Structure formats: C-alpha cells, structure tokens
J.: 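If you scroll down you'll find the structure; I have some questions about it.
Bear in mind that the values here come from a model prediction, so they are computed numbers and not experimental data. Index from 1, following the sequence.
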Amino acid sequence: MKLKGWVMLLLLPALFANAGAGLTTGKHMHKAEAEEPAEQHKFSKANRYDFDGEQYWYYKMMEKVTNESVTNGTLLGEIQERDRKIYFQLPKTEADNAGKRNKGYTMAVAKIVAFLEPGFLPDNDANKQYMASLKKILQKNTQLSKRILEDHGRLSLWFSRNKNRLIWSEQAQQLVIAELK
C-alpha cells in the first residue's frame, strides 16, 4: 500500500504538468509558440503569453507588472492576476508605442471607473481596500481632485467626456487631456 502511494505521488506531477496548457485569459492573450526565438527568462516558453502594447500598459497602470527584462528586443515580465502568476512577452517596440500606451492606460481608467461604481463590487473590507488602491492609482496617473474621485457621478462624467482625449505626458508623467482638434 505504501508503495502505491509513493508511485501516485511521483506520477501526479507528470499527469497534471500540462493541465492548463492551451488556455488563454483574454481576447489578445495567446500562449507563445514553442519554437519562438526569445531567450529563456526565469520562466519557460510553455507558460509565457504574447502580449500586445495595450495589454502591457493596462497591467502597468494597474501596478501588476513585475520582474521586467529586455532580451534581444523582447520585453519579458510577469503579472500577478488574482490567484496566479502570468508570464508574458512582447516586442519592445510594442511597449515603446505611445498610441498603445494611451489605449492601455485608457482601458485601465475605464476598468477603474467601472469598479468604483457604487454596488458594482460587493460591500466588504477586501473590496473597500481594493477600491481605495484603485483610487490611488487613478489619482497618481491623472491628478484628479479628491472631489471627483469621491463622487462616482462626477468621475463617470469626467471619463465619458475625456476618454477619447487622454494621452500620456512624459513631461508630467501622467495622463493629460489633449486639446480638441
């Protein structure tokens, strides 16, 4: 009986090693192909997703990107999404694209505005902490006043009026509202 238990313990990792293989976690998130040329990072090619610039900047604004490095023109890194770590890669040129940065940041602002709507998330301590952290992220990246951040009606109105004009300012190191054309 003890021998069978040890055999099962040894076989379980082999049987379930690829249990999550082939999964995608979003419309634009795809597993990297096995034959790609990027060098190894501290994670394998089998569990690395191809990101585009918009996804990268979305997660960057949400303060989830860690352990970034550039190898042969490929940006490698990881994000912590809920209960699992996601490893990603993207061409450095995608991350350097200002238009993709604006779109990614605007997607993040849209998510934050939606999550801050009263009643959107269940009323509990964990969600209150999460919503406070979202307000800090939004305030840091937009310099919105506390008056707007604390009133969802004003915040929603601000976003609906300005979402198509938000651009990243390198000088200000935040999103600013572009001039009307």
J.: Is it the case that the side chain of Asn127 and the backbone of Asp123 share a donor-acceptor pair, with hydrogens and angles ignored and the cut-off at 3.5 Å?
T.: no

J.: Does Lys60 have any side chain to side chain donor-acceptor pair (under 3.5 Å) partners at least two apart in sequence or in another chain, and if so, which?
T.: Glu68

J.: Does any N or O in the side chain of Gln55 come within less than 3.5 Å of the main-chain N or O of Asp52, such that one atom is a donor and the other an acceptor?
T.: yes

J.: Could you tell me whether a side-chain N or O of Glu94 sits under 3.5 Å from a main-chain N or O of Gly53, the two making a donor and an acceptor?
T.: yes

J.: Check whether the side chains of Asn141 and Gln174 place a donor and an acceptor atom closer than 3.5 Å, and report yes or no.
T.: no

J.: Quick one: pull up NZ in Lys128 and OG in Ser133 and give me the separation to the nearest 0.5 Å.
T.: 14.5 Å

J.: Hey, what do you get for CD1 (Ile177) to CH2 (Trp158), rounding to the nearest 0.5 Å?
T.: 6.0 Å

J.: For residues Tyr59 and Phe51, establish whether the separation of their ring centroids is below 6.0 Å.
T.: yes

J.: Could you tell me whether Lys136 and Glu63 have a side-chain N and a carboxylate O separated by less than 4.0 Å?
T.: no

J.: Leu175 vs Ile167, test: side-chain contact (heavy atoms from CB on, under 4.5 Å). Steps then yes/no.
T.: CA-CA 5 Å; Leu175 287 169; Ile167 60 168; 5.9 Å; no

J.: Quick one: CD on Glu150 to CG on Leu144, what's the gap to the nearest 0.5 Å?
T.: 11.5 Å

J.: Under the salt bridge (charged side-chain N to carboxylate O under 4.0 Å, His left out) criterion, do Lys92 and Asp96 qualify, and how do the steps go?
T.: CA-CA 6 Å; Lys92 180 77 167 86; Asp96 294 339; 2.8 Å; yes

J.: Does the side chain of Tyr87 come within less than 4.5 Å of Leu76's, by heavy atoms?
T.: no

J.: Using atom types as modelled and distance alone, determine if a side-chain donor or acceptor of Ser145 lies under 3.5 Å from a backbone N or O of Ile148.
T.: yes

J.: Please walk me through it: do Leu75 and Gln89 pass side-chain contact (heavy atoms from CB on, under 4.5 Å)?
T.: CA-CA 5 Å; Leu75 178 62; Gln89 67 180 15; over 6 Å; no

J.: Going through the distances and angles, do Lys64 and Glu78 end up as a salt bridge (charged side-chain N to carboxylate O under 4.0 Å, His left out)?
T.: CA-CA 8 Å; Lys64 294 184 179 231; Glu78 56 191 59; over 6 Å; no

J.: What pairs of donor and acceptor atoms, side-chain ones from residues 105-119 against any protein atom, are under 3.5 angstrom apart with sequence neighbours left out?
T.:
residue : atom : partner : partner atom : Å
Thr106  : OG1  : Asn102  : O            : 2.7
Lys111  : NZ   : Tyr58   : OH           : 3.0

J.: Kindly compute the distance separating CD (Gln139) from CG (Leu134), expressed to the nearest 0.5 Å.
T.: 13.5 Å

J.: Just verifying a value: how many Å separate Leu90 CG and Asp50 CG, rounded to the nearest 0.5 Å?
T.: 9.0 Å

J.: Measuring from Gln80:CD to Met62:CE, what's the distance to the nearest 0.5 Å?
T.: 14.0 Å

J.: Between Val176 and Leu157, is there shared hydrophobic-cluster membership here, with clusters defined by ILVMFWY side-chain heavy atoms closer than 4.5 Å?
T.: no

J.: Strictly distance-based, threshold 3.5 Å: is any side-chain N or O of Trp168 a donor or acceptor partner for the main-chain N or O of Gln173?
T.: no

J.: So which heavy atom on Arg161 is nearest to which on Arg165, and how close?
T.: O-NH1, 4.4 Å

